[in-house]
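Computed from a predicted model, the values in this text were never measured in an experiment. Below, chains carry the letters A, B, ... as their sequence lines are ordered, and counting in each starts from 1.
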Amino acid sequence: MEEKGLVNFFEQFLNKRSLFTNKAALQSSYAPGNIPHRDIQISQVANVLAPALKGEKPSNLFIYGKTGTGKTLVVKYTTDQIASISQQRTLPVKIVYINCKLKKVADTEYRLVAQLSKEFGKDVPPTGLPTDEVYRIFFSALDRQKQIVILVLDEIDELIGKAGDELLYNLTRINQELKLAQISIVGISNDLSFTDNLDPRVKSSLSEEELVFAPYDALQLQDILRARSSVAFRQDGVEFGVIEKCAARAANDNGDARRALELLRVAGELADRTGAEKLGLQHLDQADETIEKDRMLELIRTQPKQHQATLYAIVKACKQKKEGVFTGEIYDVYQTVCEQTKQRPLTQRRVSDIIAEFDMLGLITAKVISKGRYGRTREISLAIPSQNEQRMQSLLEEGLSLA
DNA sequence: GTCAATTCACATGAAAGAGACCACGGTCTAGTG
DNA sequence: CTAGACCGTGGTCTCTTTCATGTGAATTGACGA
């Protein structure tokens, strides 16, 4: 009986027409053939980098723009073109793309340089060598032959935040010491104010050319979404108005095209799963919630134990008191939580930092207030819809293996 | 009543430690010819 | 004799702790009206 049901289910599953024809077109790794509304930027980037094809060193280029404004896409697109041309004509141009945000790959000075050396065929142990040694290896690997190297550092702000600007200083100065090769740097940053706290010497040499990517507006987003969805979805699989709403929402949300595409994809998956004939507006709303919830739960699940314990303490304290919980109270609860889970409690100093981190992540809102005679502290409350609170608590209990 | 000094309860910074990783080179051990 | 196991050394990286300093308004207490 049951077996039959299952078979039926699979039969139905197979027979059902999926809404998608090519889901990959909505994934962030998808490289579209053309990039709407970024022609100007593409030609600008191309202009800056073109000298590489003539064997001259291009200016260093710095690109700002919020997330999902197509920075990476444009740079990748342009550099791909350059790469293919140089390959056709066997020009000595090499393009290295490194995403500095990827953990364990390039999020410290050492790792970045190690990764670079690897790109040039010299493996470097992931740790254990002095940093200047790694630099030397990289140097020699780079300078083996005459070539122009275009080094794309994506999310460079992450790297500098952690590793300091010395790295950039070293990189920008490399050219003076290289005999054969020349290297130019393309920095991509989400943070518009990133160069403000940069060493002026680095700043001037890094941003010989600058480019700012403005966020997409709603109409441009519509074009993008329409182009992608025509590839991704079945013909007329999308109800009228869905694209528009999706674009409008993303436009409100900093014009982030990546988010808009994700939203559309998740909505499509939801609609597909429920067997809907078309992707409708209600799916969009559901998708919005799902994304938000998944993001949050995933965030919590991947936190280290101590952070989970802290968050659990916050949840508990907030439940007891509803309004305005203070750092000291949380620390008290936290200590008892540690006792229950047999962990060694961290110092208040550290917990204070952890609380600040949660604030940054948007899981809680923590405002520093002064209560006058009664000191200065953070006023903390959960920034989570109450229907998800329970889910979060049980997730934390599970993570901490509490009853 | 007014005003400056005091005070609280942390926030925020800087520096240093601890411990996990990892590569490398030297030494020890067991297996092989 | 040699390959592999094992250890100590020297390095990075991340998370914490320790020590110091900063902070903003309620409270306090002196002062003057």
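Judged as a side-chain hydrogen bond (donor to acceptor under 3.5 Å, both in side chains), the pairs with a partner in residues 374-384 of chain A (not counting sequence neighbours) are, in order, Thr327(A)-Thr377(A), Ser352(A)-Arg378(A), Thr365(A)-Ser381(A).
Checked against side-chain contact (heavy atoms from CB on, under 4.5 Å), Val48(A) has the following partners two or more places apart in sequence or in another chain: Ser59(A), Leu61(A), Glu209(A).
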Tabulate below the donor-acceptor pairs under 3.5 Å that side-chain atoms of residues 286-298 of chain A make, not counting sequence neighbours, or state none.
from, atom 1, to, atom 2, distance (Å)
Asp288(A), OD2, Arg249(A), NH1, 2.7
Thr290(A), OG1, Gln286(A), O, 2.7
Glu298(A), OE1, Arg301(A), NH1, 2.9

Residues 238-247 of chain A side chain polar contacts: donor-acceptor under 3.5 Å, at least two apart:
from, atom 1, to, atom 2, distance (Å)
Glu244(A), OE1, Gly241(A), N, 3.3
Glu244(A), OE2, Arg226(A), NH2, 2.9
Lys245(A), NZ, Asp285(A), OD1, 3.3

When the side chains of residues 80-87 of chain A are checked against the rest of the protein, which donor-acceptor pairs come out under 3.5 Å, sequence neighbours left out?
from, atom 1, to, atom 2, distance (Å)
Ser84(A), OG, Gln81(A), O, 3.0
Ser86(A), OG, Ile82(A), O, 3.2
Ser86(A), OG, Ala83(A), O, 2.9

I need a per-nucleotide contact map over nucleotides 17-25 of chain C, read 5' to 3'. Cutoff is protein heavy atoms under 4.0 Å; write B for the base, S for backbone only, - otherwise. SB---BBBB

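Going from atom CZ of Phe358(A) over to atom P of dA11(B) covers 15 Å, rounded to whole Å. Rounded to an integer number of Å, the gap from Glu379(A) CD to dA9(B) P is 16 Å. Going from atom CD of Glu357(A) over to atom P of dT14(C) covers 13 Å, rounded to whole Å. Nucleotide dT12(B) holds its C1' atom 14 Å from the CD1 atom of Ile355(A), rounded to whole Å. Going from atom CG of Asp359(A) over to atom C1' of dT12(B) covers 15 Å, rounded to whole Å. Between the C1' atom of dC15(C) and the CD atom of Gln343(A) lies a distance of 14 Å, rounded to the nearest Å.
Residue Ser352(A) has a polar side-chain atom (N or O) positioned under 4.0 Å from OP1 or OP2 of dA11(B).
Side-chain atoms of Lys305(A) come within 3.5 Å of backbone atoms of Gly399(A) as a donor-acceptor pair (strictly under, hydrogens ignored).
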